[in-house]
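Numbered from 1 within each chain, the chains take letters A, B, ... in sequence-line order.
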There are 2 protein chains.
Amino acid sequence: MPRRVTIDDVARLAEVHKATVSRALNARTSDQVNAETLKRVKRAARQLGYVPNAMARGLRTSRSMTIGVIIPDLMNPIFPPIIRGIEHVLQAQGYTVLIANTDSHDDVEISAFESLLQRRVDGFILATGRLDDQPVVDQAAAAGVPVVLVNRGSGMGGYPLVGGDNVRGVELAVAHLVELGHRSIVHAAGPPNFSTTRSRAEAFEATATAAGVAHQTIYANALTIEAGFQAADTMLAHNDIHPTALMAGNDLVALGLIRRLRAEGLRCPEDVSVVGFNDMPFAEDFWPPLTSVHMPLRDIGAEAARLLLRGIDTGEQDGATLTLPVTLMVRGSTGPAPA
Amino acid sequence: MPRRVTIDDVARLAEVHKATVSRALNARTSDQVNAETLKRVKRAARQLGYVPNAMARGLRTSRSMTIGVIIPDLMNPIFPPIIRGIEHVLQAQGYTVLIANTDSHDDVEISAFESLLQRRVDGFILATGRLDDQPVVDQAAAAGVPVVLVNRGSGMGGYPLVGGDNVRGVELAVAHLVELGHRSIVHAAGPPNFSTTRSRAEAFEATATAAGVAHQTIYANALTIEAGFQAADTMLAHNDIHPTALMAGNDLVALGLIRRLRAEGLRCPEDVSVVGFNDMPFAEDFWPPLTSVHMPLRDIGAEAARLLLRGIDTGEQDGATLTLPVTLMVRGSTGPAPA
DNA sequence: TTGTAGGCGTTATCAA
DNA sequence: TTGATAACGCCTACAA
């Protein structure tokens, strides 16, 4: 394995000083160098297969041109679109995105965060959505690294925040169900320590009360199919709860609910209607196609990235919160309330 | 924004030389330092909130402790499990995984690759599955960076390779359909420049011929729902093709086929059976639940990571190819051939 | 067990 | 417009 080509090698071949090579190869400074020299340097670089060393550069400039993105679970299909939105904006500015998966696990989150800090990321985008990771956020801020929060229900600190309009989403979902004749609705919410859980649950309570329908909220212990399945299990065990419609904390939970209901011989939507949240990819291909509150996931990612870039450039963090509009995608999982 | 804490700051507070701090803070060398000193150093580091600078360290050691993973499309649900497998193995060894999305776009792939090279990744895992990115692979090898290929149909260069058993998968799928009485089967393959496309298509040709059933292969122009939809479109336009069963190049294509068939009023599986490939997450939640060849995605990722680590440690690349066993998941999208 | 010194590959500042 | 030089933060012989 031959030693890698350095700027010195290029300088030697081009017969200039390495400082000149550096200037020539950086877009920002390349106009400071003679056109003739520039050509010679570039040729030499190409000829040698020179690849700049980002670590050396970062050490010198104290900017890694790297952004850390922390998400709880790559397997949840809402994250790929968000990441795509983030990358779309950031790559165009020359940043590389470091994705860290935490599996919704506290210590994994902490060590992932630590590892990103060591790599001197220029900014963080946190999509953990947890209410209890304030420490991580504060630590980032203390380290002078800008942070943007994604998919939060509501702002806690003074950090920039971007997400969908949860309240409006709940209103749309409940209105849809009421219109279909449902008079008893259960909200199978996510875990209480997720910030979206709280805002959706509060909105549900308020909206359902205002609509004058019987309602109740139960909590899944994760935002997964399995947790949804289990939540339905619990609900079925209580024989005092007999809703004709369910509003799930997200689409995965909705899927889990439907699976369990089906196992019980209950058809969706003939016997029970189910509304999901997020309108994740493939929502329309499920069985039945999922009625869901559509979140503009890609845009959420893109806006978060823009907010972060602003924070990096200006060096200051305003606690701006950006709430993007949502819509209700009506599909096969909701229907008229049974007679 | 205060200047970040360095090893020198810690040294000053702990009243030792920075070399001692370095030794104390590195697991490999911490036993070279006096227990008392060690404690003092650690306390000082904690007190100051010291976070080692990975760039400086990497520059010095010429190892970034970073692995580049190039995938064509994060939105394709087969990749998250693969990534998870990769991360599981690599994180345990202290590596950070850099994921690069190419959107199946040539120039994006090249620039992503370039960017990873600049960051001096210690190894590459390429899951692009394309037949025509040999140049990238060769360039990595030329740079002395180990490479492992994932999800390839067949080896091209002498690079380590891990994937599922495509031939066996096709055999299982065809046998299943034949057993159900199907005598006319179409393979809606992926794009020809994907390596898995080739090996699956060849296996299909061979297996179907051996089984003595009428068969034909058509090609979708991508491994997406849309491309599957379009492929079905083309097939329906030819009124000389009337299969009772379809084997798709992957699950997304299968989904696209089903969508288009449904639009035509053809029910699955009553009128046409469809088999997918990969058994991607959620395959069982689709409408109808997808019969699919199960690929051990997570294991594939994990094995690729192990092979890569081996390459990094030994400094040499054997062209070992690892083929993991597959199974057929029979679900609702396949049924008896119509009379 | 600890300190000294040099260098990893760049870029920024200053001088020519 | 180009060259010389120092410094970014860390690790590692080597010496003490």
Side-chain angles (χ1 to χ4, degrees), chain A residues 1-42 44-45 48-66 94 117-120 122 143, chain B residues 1-42 44-45 48-66 94 117-120 122 143:
Chain A
M1 190 182 335
R3 197 180 50 69
R4 299 246 27 178
V5 176
T6 76
I7 207 175
D8 284 289
D9 300 321
V10 178
R12 210 167 304 121
L13 180 59
E15 300 182 298
V16 291
H17 192 269
K18 63 176 177 173
T20 303
V21 175
S22 173
R23 283 187 283 256
L25 264 26
N26 271 297
R28 203 172 46 73
T29 46
S30 65
D31 53 353
Q32 297 173 22
V33 20
N34 182 291
E36 201 55 45
T37 321
L38 181 61
K39 214 182 299 172
R40 219 168 60 241
V41 170
K42 285 195 164 166
L48 294 174
Y50 170 69
V51 178
N53 184 323
M55 294 188 292
R57 181 193 310 227
L59 180 57
R60 178 61 235 235
T61 61
S62 62
R63 309 192 73 210
S64 65
M65 291 307 283
T66 264
L117 228 37
Q118 292 193 6
R119 303 226 126 80
R120 294 296 189 270
D122 298 327
Chain B
M1 190 183 333
R3 198 181 48 70
R4 300 243 32 176
V5 176
T6 76
I7 208 175
D8 284 290
D9 300 321
V10 178
R12 209 167 306 123
L13 180 59
E15 299 183 299
V16 292
H17 192 270
K18 63 175 177 170
T20 304
V21 176
S22 173
R23 283 186 282 256
L25 264 28
N26 271 298
R28 204 171 44 73
T29 46
S30 65
D31 53 353
Q32 298 173 21
V33 22
N34 182 290
E36 201 55 45
T37 322
L38 181 61
K39 213 183 301 174
R40 220 169 57 242
V41 170
K42 285 196 165 167
L48 295 174
Y50 170 69
V51 178
N53 184 323
M55 294 188 292
R57 179 192 312 222
L59 181 57
R60 178 58 233 246
T61 60
S62 61
R63 309 193 72 208
S64 65
M65 291 307 284
T66 264
L117 227 38
Q118 291 192 7
R119 303 223 125 81
R120 295 293 188 270
D122 298 327

Checklist entry - Would you say A:Arg119 and B:Met65 make side-chain contact, with heavy atoms under 4.5 Å? => result yes
Checklist outcome for this item: Applying side chain to side chain contact (heavy atoms under 4.5 Å, CB included) to B:Arg40 and not counting sequence neighbours gives B:Val16, B:Thr37, B:Arg43
Checklist entry - Which of residues 33-41 of chain A sit near DNA chain C, with a heavy atom under 4.0 Å from it? => result none
Checklist entry - What one-letter contact string describes nucleotides 7-16 of chain C from 5' to 3', where B marks a base within less than 4.0 Å of any protein heavy atom, S marks contact via sugar-phosphate atoms alone, and - marks no contact? => result BBBBBBB---
Checklist entry - What is the distance from atom CG of B:Asn53 to atom CD of A:Gln118, rounded to the nearest 0.5 Å? => result 9.0 Å
Item to check | B:Arg63 backbone acceptor or donor facing B:Asp122 side chain under 3.5 Å | outcome: no
Item to check | Donor-acceptor pair, side chain of B:Ser64 and main chain of B:Gly58, under 3.5 angstrom | outcome: no
Next on the checklist: Just so I know, are the side chains of A:Val41 and A:Leu25 near enough to count as touching, which here means a heavy-atom distance under 4.5 Å?
Outcome noted: yes
Checklist entry - Taking all atoms of both residues into account, what is the closest heavy-atom pair of B:Ala56 and A:Leu59, and its distance? => result CB-CD1, 3.7 Å
Item to check | Shortest non-hydrogen contact between B:Tyr50 and B:Val5, atoms and distance | outcome: CD1-O, 3.6 Å
Item to check | Segment of DNA chain D, first to last nucleotide, that comes within the 4.0 Å heavy-atom reach of chain B | outcome: D:dG9 to D:dA13
Item to check | Side chain to side chain, B:Arg120 and B:Thr66, heavy atoms closer than 4.5 Å | outcome: no
Checklist entry - Got a sec, which pairs hit side chain to side chain donor-acceptor pair (under 3.5 Å) with one end in residues 10-26 of chain A, sequence neighbours left out? => result A:Asp9-A:Arg12, A:Asn26-A:Arg57
Item to check | Under the side chain to side chain contact (heavy atoms under 4.5 Å, CB included) test, residues paired with A:Leu13 that sit two or more places apart | outcome: A:Ala44, A:Gln47, A:Leu48
Next on the checklist: Within this structure, what is the OG-CZ distance for the pair A:Ser62 and B:Arg4, rounded to the nearest 0.5 Å?
Outcome noted: 11.0 Å
Next on the checklist: Rounding to 10°, can you tell me the angle the first-five-pair axis of the helix from C:dT1-D:dA16 to C:dA16-D:dT1 makes with its last-five-pair axis?
Outcome noted: 40°
